[in-house]
Visitor: 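Dropping a structure here in C-alpha cells format, bear with me for questions.
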Amino acid sequence: MLSASSSFAPASAAAMTMASSPLVSRFAAHRTTLRYDLPCSSGIQMKTRNPSPYPLFLNQLNNDGPRTKSYKEVIKPFRQMFAREISSQSNDSDISIAKRETIQDKTDSEEELETDPSETDSEEEQLLQLDGKSITEWLSALDAISKQVEAELVSRGINSCNSVQVLEAVNTVLFDTRGFKRTSACFDEDPKDSYLHSVLNSRCGTAFLFSVIYIEVCQRLGVPILGAKVGEEFLVWPKTENPEELFEVATSGKSLFAIVNGKCVDDPKSMASDLTGKSLLGLDVATNRDIIGIALANLFRVHWKRASKPTPGQMLTAPLSELNNFRISNIPLLRPQDLRLAIAAAERLLMLDPNNWRVRRDLGMMHYYVRQCREAIIELSICIASFEIEEEEAKELKLFVEKLHRLFSLMSSPLDSDRLAVR
C-alpha cells in the first residue's frame with residue numbers, strides 16, 4: 001500500500017487496493033480525459049517545453065472534442081465519497097475496506113467520468129470502471145471466493161465449523177484451487193500488486209492485500225478476523241478463544257498462522273516470528289480506519305518510489321537541506337502520474353489523521369515538486385504554526401517557506417526559469 005516516511009498511520013482495505021489498467025485501454029472508451037499538463041495551481045503561466053512527440057491524452061488526437069476537465073474537477077466527487085465514509089461521524093464497522101481501496105485507484109487515475117453531484121454513493125460506484133468492471137462487480141469477486149469456500153467446507157463434510165476450519169478452507173481455495181501467490185515484501189513491485197481489483201484479476205499481490213482478502217472473505221462467512229501492525233508487517237488471525245491452536249504445526253510443516261500471514265512468520269529478522277498465542281492477545285487490534293491508513297501509506301510509498309526513479313536516491317525532503325541552491329530549475333525530474341498518485345494518498349491520509357504533521361510536510365514537499373507553490377506554502381505553514389516540532393526542523397521549514405514566498409513572486413515575472421534563483 002503504496003516508501004517515504006514511516007509516519008503514516010494504518011486504515012478500509014478492499015477498495016483502496018484495486019489497480020488501474022494500461023493507459024491506452026483505459027482511455028479507449030472516453031472522449032475526454034484528465035490533464036496533468038495544466039498550469040501551476042497558483043494561476044501563474046510558466047514557460048513549458050514543447051508537447052511530447054506522442055499523445056499522452058486522447059483529446060490531443062481529437063481537437064474538436066468537449067472541454068477537458070481538470071484533475072481536481074474529476075476527482076472531487078469521489079474524494080467527497082471517501083471523506084463521508086471515513087468521517088468521525090461514521091461507525092468504524094460501517095466502513096468498507098474493500099470499497100475504499102477500489103475507489104482510491106480509480107479517482108486518482110487519468111480517466112475522466114461525467115458525474116452528477118446529486119448522485120448517491122452507490123450510483124457513483126456504478127459509474128466507476130476498473131478494467132471494464134464497476135466496483136460492485138469487483139466486490140462480487142470476493143462473494144464468489146466466499147461461495148467457493150462454502151463449497152469446499154461442504155465437500156469436507158463440515159456443516160458447523162470453527163474459524164480455524166474456515167481459514168484452512170480459504171487457504172485451499174486461494175492457493176490451491178485459484179493459484180494466488182504473494183509478491184516479495186519490497187516496494188519495488190508493480191503498483192498493481194497493491195490494488196485489490198488488480199490482485200483479484202492477476203491473482204498476485206502483496207501480503208497486506210492477502211490480509212484484506214482474508215478479512216473480506218471470512219466476514220462474508222460470518223467469521224471475524226482480527227489484524228494488527230507488528231513491526232513492518234500487518235498480520236491477521238481469526239478471533240478465537242484458543243489462539244495457541246493457530247501456532248500448531250500441521251502436516252504441511254507450517255502453522256495456520258504462518259500459512260495465512262506468509263514468510264514473515266518464519267523469518268527470524270521479523271517481529272512476527274516472535275509471536276505466540278499468548279502475545280497475540282496483547283496486540284492493538286486495527287480498526288477499519290487503521291487498515292485504510294496502512295493501505296494508503298503503502299500506496300504513497302510505492303508511488304513516491306516510482307515517481308523518483310528518474311532521479312535515483314532522491315529524498316522527499318532533500319530540498320529542505322539544500323536551501324543554498326534553491327532555484328526552480330533544480331527541481332528533480334519525477335514521473336508526474338506517480339507523483340499525483342502519491343499526493344492523492346497523502347491527502348487521504350490527512351483526512352484520516354489531520355494531526356499527522358509529517359504527512360502534511362511530505363504533502364507540502366510534493367506540491368513543491370509539481371510547482372504548486374501556493375499549496376506547498378499552505379501545507380508547510382500549517383506544519384510550522386500548528387504543531388510542536390523540533391527546533392532545527394522548524395527552522396528549516398521556515399526558511400524553505402520564506403524562499404517559496406519569494407519564488408512565488410518571481411514566477412509572475414517574465415524571466416526564464418533558470419533565472420529564478422532565490423537567495
Side-chain angles (χ1 to χ4, degrees), residues 1-20 75-76 78-88 90 92 95-109 128 130 135 185 187 189-199 205-213 215-216 227-229 232-234 236 286-308 316 337-367 379:
M1 253 222 233
L2 352 132
S3 296
S5 70
S6 59
S7 57
F8 291 102
S12 165
M16 311 243 7
T17 43
M18 302 196 172
S20 16
I75 63 178
K76 182 178 179 180
F78 305 108
R79 289 189 176 177
Q80 291 173 339
M81 289 170 60
F82 180 86
R84 283 196 297 271
E85 184 157 344
I86 58 88
S87 73
S88 58
S90 302
D92 189 76
I95 297 176
S96 167
I97 296 176
K99 188 187 299 181
R100 296 278 70 80
E101 302 239 358
T102 311
I103 293 176
Q104 162 70 11
D105 169 68
K106 179 64 175 187
T107 58
D108 299 317
S109 66
L128 287 170
L130 299 169
I135 293 175
F187 286 102
E189 76 276 4
D190 190 326
K192 290 184 177 182
D193 293 340
S194 294
Y195 287 103
L196 183 58
H197 86 274
S198 180
V199 173
T206 62
F208 174 77
L209 257 295
F210 275 92
S211 296
V212 170
I213 292 174
I215 291 172
E216 291 289 330
K229 191 81 182 292
E232 295 300 315
E233 313 293 341
F234 181 75
V236 293
T287 64
N288 286 344
R289 285 184 175 84
D290 291 334
I291 297 171
I292 294 174
I294 295 174
L296 287 167
N298 289 345
L299 288 170
F300 171 82
R301 287 190 287 266
V302 167
H303 286 297
W304 167 252
K305 183 113 180 183
R306 285 177 59 85
S308 58
L316 182 60
Q337 181 180 336
D338 280 295
L339 188 54
R340 290 282 188 183
L341 291 167
I343 288 174
E347 289 173 338
R348 282 168 172 75
L349 278 166
L350 284 179
M351 292 182 191
L352 286 166
D353 185 7
N355 295 320
N356 192 327
W357 77 268
R358 292 185 184 277
V359 175
R360 195 173 293 279
R361 176 204 62 191
D362 292 347
L363 177 59
M365 294 306 301
M366 288 189 290
H367 280 307
E379 298 297 348

Visitor: Between Ile213 and Val199, does a side chain to side chain contact (heavy atoms under 4.5 Å, CB included) hold up when you go through it step by step?
Guide: CA-CA 10 Å; Ile213 292 174; Val199 173; 4.2 Å; yes
Visitor: Applying side-chain contact (heavy atoms from CB on, under 4.5 Å), can you list everything that pairs with Ala228, at least two apart in sequence or on another chain?
Guide: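 Here the qualifying residues are Trp237, Leu283.
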Visitor: If you compare all heavy atoms of Gly364 against all heavy atoms of Glu379, which two are closest, and at what distance to 0.1 Å?
Guide: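 Closest pair (atom of Gly364, atom of Glu379, distance): CA-CB, 3.8 Å.
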Visitor: Rounded to the nearest 0.5 Å, what separation is found between the CG atom of Leu316 and the CZ atom of Arg361?
Guide: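 Rounded to the nearest 0.5 Å, the CG-CZ separation comes to 7.0 Å.
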Visitor: If you round to the nearest 0.5 Å, how far is CZ of Arg340 from NE2 of His303?
Guide: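 That separation rounds to 14.0 Å.
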Visitor: Distance from Asp362 atom CG to His367 atom NE2, nearest 0.5 Å?
Guide: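 Separation between the atoms: 11.5 Å.
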Visitor: For Leu341 and Phe300: C-alpha separation, side-chain torsions, deciding distance, then whether side chain to side chain contact (heavy atoms under 4.5 Å, CB included) applies.
Guide: CA-CA 7 Å; Leu341 291 167; Phe300 171 82; over 6 Å; no
Visitor: Take Leu349 and Asn356 through the side chain to side chain contact (heavy atoms under 4.5 Å, CB included) test and state the conclusion after the steps.
Guide: CA-CA 9 Å; Leu349 278 166; Asn356 192 327; over 6 Å; no
Visitor: So, taking the atom named CG in Leu363 and the one named CH2 in Trp357, what distance separates them when rounded to the nearest 0.5 Å?
Guide: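 That separation rounds to 13.5 Å.
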Visitor: Once rounded to the nearest 0.5 Å, what's the spacing between atom CD1 of Ile343 and atom CD of Glu347?
Guide: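 These two atoms lie 7.0 Å from each other.
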Visitor: Please find the pair of heavy atoms, one from Phe234 and one from Ala286, that lie closest to each other, and give the distance.
Guide: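 Looking at all heavy atoms of both residues, the shortest contact is CE1-CB, 3.8 Å.
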Visitor: What closest approach, in Å, do Ser211 and Val236 show between heavy atoms, and which atom pair accounts for it?
Guide: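 Minimum heavy-atom contact is CB-CG1, 3.7 Å.
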Visitor: Keeping the roles fixed (side chain from Arg360, backbone from Pro354), state whether a donor-acceptor pair exists under 3.5 Å.
Guide: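 Between the backbone of Pro354 and the side chain of Arg360 there is a qualifying donor-acceptor contact (under 3.5 Å).
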Visitor: Where the side chain of Ser198 meets the backbone of Ser194, is there a donor-acceptor pair that is under 3.5 Å apart?
Guide: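 Answer holds: no.
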Visitor: With rounding to the nearest 0.5 angstrom, report the CD to CZ distance, Glu232 to Phe208.
Guide: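 With rounding to 0.5 Å, CD (Glu232) is 13.5 Å from CZ (Phe208).
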